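A short worksheet on the structure shown next.
Naming: A, B, ... by sequence-line order, numbering from 1 per chain. As the structure is a computational prediction, the values presented were derived from the model and not from experiment. Below, each value reflects all heavy atoms present in this structure, side chains not excepted, and no hydrogens, waters or symmetry copies.
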2 protein chains.
Amino acid sequence: MLTIGDLSRRTGVKVPTIRYYEQMGLIEPAERSEGNQRRYSRQERERLSFIKHARDLGLTIDSIRELLDLSVHPEQPCAQADRIAAEQLKAVRAKIEKLKRLESELDRIVAHCHGDQVKDCYVIRALANHDLCDNEH
Amino acid sequence: MLTIGDLSRRTGVKVPTIRYYEQMGLIEPAERSEGNQRRYSRQERERLSFIKHARDLGLTIDSIRELLDLSVHPEQPCAQADRIAAEQLKAVRAKIEKLKRLESELDRIVAHCHGDQVKDCYVIRALANHDLCDNEH
DNA sequence: CCATATCTATATAGTCGCTGGAGATATAGT
DNA sequence: ACTATATCTCCAGCGACTATATAGATATGG
């Protein structure tokens with residue numbers, strides 16, 4: 001059995017975050033030692049690793065809860081799990097597109113600035129005047 | 001003079017957000033009508049547009065406050081404004097890189113899934129088992 | 001000139017996913 | 001037995017809003 005600190009080190013999830021996940025119902029309330037400290041088994045470590053992995057991929061707590069619910073019904077069709085992952089992929093792609101537009105505008109703003117004083121500064125002027133932008137954002 | 005609703009429509013910043021910006025000290029407390037309603041001039045509309053533009057570019061409230069402070073000192077060197085924009089650019093690029101890694105992994109996960117049942121589902125299995133990942137994330 | 005419709009005011013709480021602190025208790029090592 | 005470290009619970013805070021409730025102001029049509 002692992003203490004919460006051990007579990008934290010093995011999964012890379014911080015101790016208060018583990019307790020937070022318990023509170024949010026992502027993991028079951030843990031067994032307790034005589035002195036009321038949480039103790040975890042290998043199964044619980046795996047579940048937490050699953051959660052960590054999904055969070056690293058940007059899935060919301062709600063999506064993860066859904067996936068966890070699905071994973072305990074192995075005979076059901078997996079279309080829903082598919083859908084969750086596909087939607088997340090779509091969201092990630094949309095974010096990338098948006099960030100790329102920001103990148104190109106910021107890049108242009110930074111590259112243009114060669115004034116020495118604020119009154120000539122392209123950064124400031126570009127922000128004050130949307131017309132200097134190339135694209136929508 | 002514009003009401004807060006007019007200002008909102010002209011800048012695309014929602015009414016409660018304008019009030020929030022006032023509270024945060026990004027914009028000066030507005031003049032008031034006899035009935036205690038906020039009234040805005042053209043100058044204040046421009047300042048809010050500046051803020052909107054900067055927020056759209058992902059700058060934090062704190063960075064925007066710095067830029068606004070700079071913009072009222074036109075004789076000072078603009079190196080700091082430059083630095084703020086350059087740092088934001090760096091942050092945006094880092095986010096793009098991270099999201100691209102997520103994209104490729106999610107894409108791989110989704111593409112692999114052709115099981116019909118949860119027990120064979122690659123989405124679920126991939127999340128449970130980090131070894132199925134190609135790269136770090 | 002009044003009824004009504006829309007807008008605005010303030011204050012407060014909620015969102016998401018944690019993170020950190022205070023003060024008390026448990027456990028491990030010597 | 002003593003000490004150092006880990007853990008416990010509870011609660012507050014982050015950022016940037018967003019929503020809700022209740023009350024008062026203003027604009028419009030008849």
Roughly how many Å is it from [atom1] in [X] to [atom2] in [N], rounded to a whole number?
{"X": "A:Glu22", "N": "D:dT9", "atom1": "CD", "atom2": "P", "value": "8 Å"}
{"X": "A:Leu2", "N": "D:dA6", "atom1": "CG", "atom2": "C1'", "value": "14 Å"}
{"X": "B:Met24", "N": "D:dG13", "atom1": "CE", "atom2": "C1'", "value": "13 Å"}

Partner nucleotide, any strand, of C:dT30 [Watson-Crick/G-U, under 3.5 Å]: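 Its partner is D:dA1.
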Sequence-distant partners of B:Arg45, salt bridge (charged side-chain N to carboxylate O under 4.0 Å, His left out), two or more places apart: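 B:Arg45 satisfies salt bridge (charged side-chain N to carboxylate O under 4.0 Å, His left out) with no other residue.
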Partners meeting salt bridge (charged side-chain N to carboxylate O under 4.0 Å, His left out) with B:Arg93 (sequence neighbours left out):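 Salt bridge (charged side-chain N to carboxylate O under 4.0 Å, His left out) check on B:Arg93 returns A:Glu103, A:Asp107.
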Distance-only check: which donor-acceptor pairs under 3.5 Å involve side-chain atoms of residues 70-79 of chain A, not counting sequence neighbours?
residue: A:Ser71; atom: OG; partner: A:Leu68; partner atom: O; Å: 2.8

Pairwise distance CD(B:Gln88) to CG(A:Leu102) - rounded to 0.5 angstrom: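 It is 8.0 Å, given to the nearest 0.5 Å.
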Counterpart residues, side-chain contact (heavy atoms from CB on, under 4.5 Å), relative to B:Glu31 (two or more places apart):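 B:Glu31 satisfies side-chain contact (heavy atoms from CB on, under 4.5 Å) with B:Met1 only.
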side-chain hydrogen bond (donor to acceptor under 3.5 Å, both in side chains) partners of residues 15-25 of chain A, not counting sequence neighbours, each pair once: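 Sorted pair list: A:Glu22-A:Arg38.
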Where protein sits on nucleotides 8-26 of chain C, one letter per nucleotide: B base, S sugar-phosphate only, - none, heavy atoms under 4.0 Å: SSB------BBB------S
